[in-house]
Every structure is written in C-alpha cells, then in structure tokens.
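The next block holds one structure in the form of structure tokens; read it before the comments.
Computation of the quantities below employed the complete heavy-atom set of this structure, encompassing side-chain atoms and omitting hydrogens, waters and symmetry-equivalent molecules. In what follows, chains carry the letters A, B, and so on, assigned in the order in which the sequence lines appear, proteins first and then strands, with residues in each chain numbered from 1.
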There are 2 protein chains.
Amino acid sequence: MPAQLSEADRLGLETAYLEAKRGYEEGGIPIGSCLVHHGESGKPKVLGKGCNMRVQKESATLHGEISALENTGRLKAGVYRGSTIYTTLSPCIMCTGAILLYRFPRVVIGENRNYVGGEELLKKNGVEVVVVDDERCKELMERFIREKPEIWYEDIGEETPK
Amino acid sequence: MPAQLSEADRLGLETAYLEAKRGYEEGGIPIGSCLVHHGESGKPKVLGKGCNMRVQKESATLHGEISALENTGRLKAGVYRGSTIYTTLSPCIMCTGAILLYRFPRVVIGENRNYVGGEELLKKNGVEVVVVDDERCKELMERFIREKPEIWYEDIGEETPK
Ligand SMILES: [Ca+2]
Ligand SMILES: [Ca+2]
Ligand SMILES: [Zn+2]
Ligand SMILES: [Zn+2]
C-alpha cells in the first residue's frame, strides 16, 4: 500500500522519477535521485538531482544518489542535515554510505521490490526510511533489468545469473 | 609499527601516496587511492588511481577512493574481487560502502590516526583490512587538517569544531 505523501515528498519522488525516466531514455540505468531541503519557511526546495550514469559516462560510481549529490555540489554539513534524499530504488551499500556520511535524517525510496540495499544499516543509524512502493518506479526498473540484465548486475557488482 | 609490505603493497601504497601528494599540490585534500589487480601471473597491476577532488572539481562525492574507482572505469564484478584497494587514509562510510558494493577482498590503509572510517564494517563483512601506519601519509594529512580545517570537516560532513 503506497504511503500517504506530503507535498514535499510528492515533489521529491516525482523529481527522482523524472530523472530515472530521462536516464532510461538516454539508454542508461533508470535510477533517479534528488535532494530536497526543508527551508525555514517550510517550503521544500530541490537542491539538486541526477540519475545513474554508468552507461552515459562509463561511470563506476555515479549511481543515482551519488549523481544527485555530485550535481548538487559542495554543501555545508548543516544543509544535508536539513534535507531529505529521494531515490527511485532502495540505495545500495555505497549510496547508503553516502547518506550516512552526510547524515541525512530521512530517505524516501520509490521501491525496493527490484533490489534491497542498505535500508537496515540506515535505520540502525537513526535514519528515517520511507518506502513508497511506487508502481512507476517498479515498472521502469523491472523493464530495464529484463532488457539489459548484464548492465544492471555490473552496477551492483554482481555476475549476471546464468 | 609499520606492517611488512609485499611488492604489490609497496606499489599500491606508493601510488596512492603520490596521488595524495598531487592533490595537495593542486590545493586539494591530500587523500589518494588506487586499485591493484593481482593477475594470473601474480604480477600486480595498477588498474586506476585518483585523489580527492572536492576542491579541484567542487565535488561532494570524489573522495580518494571514489575518484580511483571512477578513473578506473567500468569493470566486471570478478575484476574487483581479484583486486586490492589502497587508500592513504581510513575510508569514510561512503567509501567503505563502495568497497563493500564491489566486494574487494582486501583494503590497505596508509593511516588511521587522523580519521577512522568504516574499518569495523569492512571486517564484519569479511574484508581483510591492513593499516600500515605510514609516516608520510600521516604527516601530509595532518598538515592539511591544520592548514584548511573547514575544507576537511566539510569533506566528512561535519561542522568545523570551534
Ligand atoms: Ca568514467
Ligand atoms: Ca561538481
Ligand atoms: Zn548505489
Ligand atoms: Zn570517503
């Protein structure tokens, strides 16, 4: 059952999904992410966004979340701590580590049916984890894994199953 | 007491140190890293190397290890699993996550006096962790933290101590 989403969460998840979709249209792995800061006024603001760039940039590290962090650029510690990070797919252990490094208090995940990453480690470290179970995120990722399994498994450091 | 280093380890640590030194000379954070593959012949080969690029590229994600992984480019899962990653400083939780994602069996760390990252998590996941306690790595890092503390604390997601 999809979670009830706030205005900020709808903005964040939609932004992440559109990044994933753009990545897919570029021939890449459709995982998107963004950072949303909760300003003093309470008005949410997208600080930056990005999608997985393994294919487009021949990158071994630009997962969706890393890409969003990189595109956002340098921030002071306090800004991350006042933000939520959105990602269309459950974050792998590298991206989980990035979330912990910058001490985001909250992560919103589009879906974790196609992959489960470091959710338990996030929770153990006090990060609030919300899984939306979003149909569009699920379908797009499932389609990519079916179409290009070898690229997907490379992205998570696994051999493609026989 | 410095560990006894094999030929491959001397090659890897020296390569990582020279990356850190280059980073320092560029005005950046002096943390370097490289990947060394243990070929079938037993002859070690540097697959790629890099240094922290926060200052040079205004990057929030190119820590030394991420930079080395990125410069190395896309690899199949098996190549990482036959390699050692070298880093001049104990890897933060993001870089720890990257090491776990790609299942490196072994990490060689120049020093962990200036910072202790995810060493325990690596060990808990079966990664061999070797800390060399290298004087040159320690001195270079200690010098940078003294000279530009605000950049160092930004790099680890912390406020600069008063
Ligand atoms: Ca590249
Ligand atoms: Ca940048
Ligand atoms: Zn990831
Ligand atoms: Zn790091």
Does atom [atom1] of [X] have more than 12 heavy-atom neighbours from other groups under 6.0 Å away?
X	atom1	answer
Glu7(A)	CD	no
Lys45(A)	NZ	no
Glu25(A)	CD	yes
Lys138(B)	NZ	yes

Quick test of your reading of the model: are Glu158(B) and Arg103(A) salt-bridged, counting only N-O distances below 4.0 Å?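 Salt bridge between Glu158(B) and Arg103(A), a charged N being under 4.0 Å from a carboxylate O: yes.
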
Smallest separation among heavy atoms of [X] and [Y], with atom names:
X	Y	value
Gly157(A)	Ala77(B)	O-CB, 3.3 Å
Tyr102(A)	Arg54(B)	OH-NH2, 2.6 Å
Ile93(B)	Gly97(A)	CG2-O, 3.3 Å
Gly73(B)	Ala60(A)	O-CB, 3.6 Å

Tell me, side chain or backbone of Leu75(A) under 4.5 Å from chain B's heavy atoms, or both, or neither?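 Interface part for Leu75(A): backbone (N, CA, C, O).
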
What I'd like to find out is whether the side chain of [X] reaches to under 4.5 Å of the side chain of [Y], using heavy atoms alone.
X	Y	value
Ser59(A)	Arg74(B)	no
Thr61(A)	Glu65(B)	no
Leu121(A)	Leu121(B)	yes
Ile99(A)	Met94(B)	no

Heavy atoms only, distances under 4.5 angstrom: which of His63(A), Lys76(A), Arg81(A) has the most pairs with chain B? Name it, please.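 Top option by heavy-atom pairs under 4.5 Å: Arg81(A).
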
As an exercise: rank Ile66(B), Asp155(B), Thr96(B) by heavy-atom pairs under 4.5 Å with chain A and give me the winner.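 Greatest number of close heavy-atom pairs with chain A: Ile66(B).
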
Please determine whether residues Val127(A) and Val116(A) belong to a single hydrophobic cluster, defined as Ile, Leu, Val, Met, Phe, Trp and Tyr linked transitively by side-chain heavy-atom distances below 4.5 Å.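 In one cluster with Val127(A): Val116(A), no.
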
